[in-house]
Amino acid sequence: FKPFSSCFHVRTFALKRFHAAHSGPQVHVRHSAVSIQQDATATVVVSWMKQVHQLVQRNDTVPVLVEGTITAIRLFGPSFGFIDVHVNEADVVQLMFKSQEYHGDMGGLLEGLNLGMPIRVMGVASTTRNPGEGVVLVRFCEIRGLPPNPQHVRKLLRLISQDKLQVDQLESAVNMTSEELKECIHVASKGVGDFTALAKKLLSWSSRKQSVTRRVASDSNDRSFPPVPQQLLKPPSLVQDYMDSPDEMVMIDSVSELYRQRDQELEGTNRPISLVRLHAWVQNRRRFRDSVTVVKVSDSFTATTTDGEIDFSSNQTTRCSCILHPDLLRHDEASNVYYANLLCAGSRVMLEGSVEHEKSTDTPILWVTNVQLLRCSWRPMVIRYLMELVVRNEFDMEEAADALNIDLLQAAELSQLDLTERQWKANEISRTLQDSQTRMANVSEEMMRVLASFEGLRKAHPKQVQDEYATLESLNNADYQGDNLLARNSEGTWWQRKKRPQLEFMGRQVQNVVRSHPEFGKRKLRILDVGGGKGVLAHYLAQLLGDDVQVQVIDIARGAIKNGMMRSNRLALASPVEFFVGDASQFENGEMDVVVALHACGSLSDVALGHAVNHGAAFVICPCCFRSNSHLRIPVRHDGSIRQFQSPHEWLYVDTNDLDTIKRISEVQGDERLASEGQHALCAIRAEAVQRRSEESYKDDLEVKIKTFPASYSTRNFCLVGKVRRHSA
């Protein structure tokens, strides 16, 4: 644990391999710097974004080195994303991370990066899909300093312990060698399993001044955006002339029509058009400083893949770049900012402006003079933002109502809702704005065929939909005071709008299955909370059900279990919660009567069901993150002990490819109806498997139902409820 003096450690082998791939110079490690032995080329140290643009224009693939502090992160899944870094007081350089181009295992690197974190990268200048714009395509990244938040440091340590992040990527940030850091992580993980103490020590040892990180991270929002590209600094004079001309505006039905008009102009069969009005879908958005925004629009919204990657293969010839520049827009400055925030992917807009053609490709570019939001993005965060503007009377109510697909009366009533209720309302509106046009995934015909093949199971195990409005009203009227663990919190908080109502729903379901259990009132029933973490649900159940139950928690996270034990001691419940650390699939601690799990990730839901079946227990299980934990195996019990472990598809009696397809559909974003059908099918598969296995393990009758709580709390709102009843005479 003895800290080393500050020095810069570099993955020498990675840097050498990078330079060898580019026929570049050899790298030698020296104190606090990387020195380059000059051959034909030399590494360019980038301190201005202009240098990247110049390299792109020259098509120069010389290795470049960038060091700065992260100011913005835009990820599209675990293997692709953009990160902006401050390289000096006045400029931001944009970095592009692609797992296919990264030298080495990118693993959990993107997951571990946070705002305010200093990094050093090596890569090459590369083009983007925006004309004239360049980025640094990253081939190697090193974390140069720790983030100021201990929780973020703890996350980095956890990623290393899970082999998702290479230990030497953090080496130069912690003032110790890779071997020493690995030893520290090993000791922490084998001890109390909590990286908090180690994270605080590493922060205290770090030689980097945390004030610098805080200062950069707290810069104004405008400073966090990249500088405006040279070609967008000022609108072309021709565009401004068009605005002052009396030419009649031409209505363009689609982006495709705009391209046809361009082709006719080039052929000389049609006169040039100057002013147009265009209706289109926003495909993506790029914001710059000084209130300049570039949006790409198309005739239809292009989805991402089911893995979260952007699908760049479709709809490429019918996109148009639209530039929102403060010198041209007719709105006031505040409205310009509002529209820049609202015009994100998945929204539909009306744009008016002047058309010019990009010189090298003749691609039409629309310089926007007026904008109207026709349909808001389905993302709840964007909907909440628009609702808040309406409540503050800072956005036209009629335009907002149309964009949110609500009537004017509903829009006017938004101001009567408290913050939590408005957030629930935003989630409700989000579902109405989702359909196949806004789907954030490419769902093939084969995937739809697989989903249709489980239609019979869905009918055999129908879902029971809870009355959303009745539930919301009961929550608002509930009097949770004093020591009750569901006491109200500040309006609009994560606890108030999501966690609390889900706990209340789970409490009702568990209370129901406990009181209907054949042994209820005869002895204390044992409840096992699988993956229960620090025991938020377990403590609530222990308080709700009192001496009638003994609640146990099993979780693999030592830190969470430690926190849960300390919380249990503080609460001093009549029936204290018992905590166990370990793999839930391997857990054996006597008999159990009820198995519960709230948001059991992926195959952990199957592990929980496996325990219920093995013990003939009732269960209340809410699945989540459907494609995670695929490595887990489900315990199968014979003659009173676990004799076998089965893969999820074996335990569920379903083809492995079909199961993966259903899980992919369940994860689809932007089409709530389709994702809900996938989740229903997955729950029906599990319900059917439990019933098939129940004949051997349940001495009493088992009734399995699929219930849903309001999607306003969470879109992962399906719950499997298994109630044990005594055999009827």
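- A salt bridge between R422 and E413 is absent, with no side-chain N of the basic residue lying under 4.0 Å from a carboxylate O of the acidic one.
- Considering all non-hydrogen atoms of both residues, Q283 and S300 come closest at OE1-O, 3.7 Å.
- Taken to the nearest 0.5 Å, the CG atom of N405 stands 12.0 Å off from the OG atom of S430.
- The backbone N or O of M447 sits nowhere less than 3.5 Å from a side-chain atom of T661 that would complete a donor-acceptor pair.
- Atom SG in C320 sits 8.0 Å away from atom CD1 in I365 (nearest 0.5 Å).
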Could you go step by step and tell me if M117 and I83 meet the side-chain contact (heavy atoms from CB on, under 4.5 Å) rule? CA-CA 11 Å; M117 182 181 291; I83 290 180; over 6 Å; no
Hey, mind stepping through L159 and L109 against side-chain contact (heavy atoms from CB on, under 4.5 Å) and telling me if it holds? CA-CA 9 Å; L159 289 171; L109 175 64; over 6 Å; no
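- In this structure, P235 and W367 approach most closely via the heavy-atom pair CA-CZ3, 3.8 Å.
- Dense packing is recorded around CG of D332, with more than 12 heavy atoms of other residues, nucleotides or ligands lying under 6.0 Å away.
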Go through the steps to decide whether R664 and E667 satisfy the test salt bridge (Lys or Arg N to Asp or Glu O under 4.0 Å), and finish with yes or no. CA-CA 5 Å; R664 285 174 177 267; E667 294 279 9; over 6 Å; no
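- Separating the OG atom in S79 from the CD atom in E101 is a distance of 12.0 Å, to the nearest 0.5 Å.
- Looking at K155, its side chain does come within 3.5 Å of a backbone N or O of E111 through a donor-acceptor pair.
- With contacts defined as side-chain heavy-atom distances shorter than 4.5 Å, the pair I143/L113 qualifies.
- A side-chain donor from one of N341 and R287 sits under 3.5 Å from a side-chain acceptor of the other.
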Which pairs would a plain distance check flag for residues 375-384, meaning a side-chain donor or acceptor within less than 3.5 Å of a matching protein atom at least two apart in sequence or in another chain?
from : atom 1 : to   : atom 2 : distance (Å)
R375 : NH2    : L433 : O      : 2.5
R375 : NH2    : D435 : OD2    : 3.1
S377 : OG     : A345 : O      : 3.4
S377 : OG     : R379 : N      : 3.3

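- Here the side chain of Y102 pairs a donor or acceptor atom with the backbone of C141 at under 3.5 angstrom.
- One finds the CG atom of N370 at 8.0 Å from the CG atom of L329 (value rounded to the nearest 0.5 Å).
- Put simply, the side chain of N114 never gets that close to the backbone of P147: no donor and acceptor are under 3.5 Å apart.
- Contact check on E428 versus K425 returns a salt bridge, with a Lys/Arg side-chain nitrogen under 4.0 Å from an Asp/Glu carboxylate oxygen.
- Of all the heavy atoms in S126 and V56, the pair that sits closest is O-CG2, 3.5 Å.
- Between E67 and R144 there is a salt bridge, with a side-chain nitrogen of the basic residue lying less than 4.0 Å from a carboxylate oxygen of the acidic one.
- Contact check for R627 versus K663: side-chain heavy atoms found under the 4.5 Å cut-off.
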Checking Q679 against N717 for the side-chain contact (heavy atoms from CB on, under 4.5 Å) test, could you report, in this order, the C-alpha distance in whole Å, the side-chain angles of both residues, the deciding distance, and whether it holds? CA-CA 9 Å; Q679 294 177 49; N717 63 329; 4.2 Å; yes
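- A pairwise comparison of heavy atoms in A403 and L386 identifies CB-CD2, 4.3 Å as the closest pair.
- At distances below 3.5 Å, not a single donor-acceptor pair connects side-chain atoms of H86 with backbone N or O atoms of G116.
- The side chain to side chain donor-acceptor pair (under 3.5 Å) search around N336 returns none, not counting sequence neighbours.
- Looking only at distances, a side-chain donor or acceptor of E421 sits under 3.5 Å from a matching main-chain atom of D418.
- For the pair T438/W281, a side-chain contact is recorded, criterion being any heavy-atom separation below 4.5 Å from C-beta on.
- Legend: ring pair (Phe, Tyr, Trp, His ring centres under 6.0 Å) pairs involving residues 334-356, not counting sequence neighbours, sorted by first then second residue: H331-Y339, Y339-F395.
- A tilted orientation is assigned to the rings of F76 and F80, their planes being inclined by 30° to 60°.
- In this structure, S666 OG and R716 CZ are separated by 8.5 Å, a value rounded to the nearest 0.5 Å.
- The salt bridge (charged side-chain N to carboxylate O under 4.0 Å, His left out) search around E394 returns R392, not counting sequence neighbours.
- For the side chain to side chain contact (heavy atoms under 4.5 Å, CB included) test, residues two or more places apart in sequence or in another chain that qualify with Q51 are V44, V46, S47, W48.
- Panel note: side chain D290, backbone V292; no donor-acceptor pair is recorded below 3.5 Å.
- Between the K498 side chain and the Y713 main chain, a donor and an acceptor come within less than 3.5 Å of each other.
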Residue pair V136, V93: steps toward the side-chain contact (heavy atoms from CB on, under 4.5 Å) verdict: CA-CA 8 Å; V136 174; V93 172; 4.0 Å; yes
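- Of the possible polar contacts, none joining the E672 side chain to the Q434 backbone as a donor-acceptor pair under 3.5 Å is found.
- Formation of a donor-acceptor pair under 3.5 Å by the D84 side chain with backbone atoms of T71 is not found in this model.
- Across all non-hydrogen atoms, the minimal contact from L95 to V85 is CD1-CG1, 3.9 Å.
- Counting all heavy atoms, side chain and backbone alike, V368 lies closest to L324 at CG2-CD1, 3.9 Å.
- Here L674 contributes atom CG and I665 contributes atom CD1; the two are 5.5 Å apart, rounded to the nearest 0.5 Å.
- A heavy-atom distance below 4.5 Å is found between the side chains of F82 and R74.
- For residues 398-408, the set of pairs meeting the salt bridge (charged side-chain N to carboxylate O under 4.0 Å, His left out) definition, not counting sequence neighbours, is empty.
- For the pair N284/R319, a side-chain contact is recorded, criterion being any heavy-atom separation below 4.5 Å from C-beta on.
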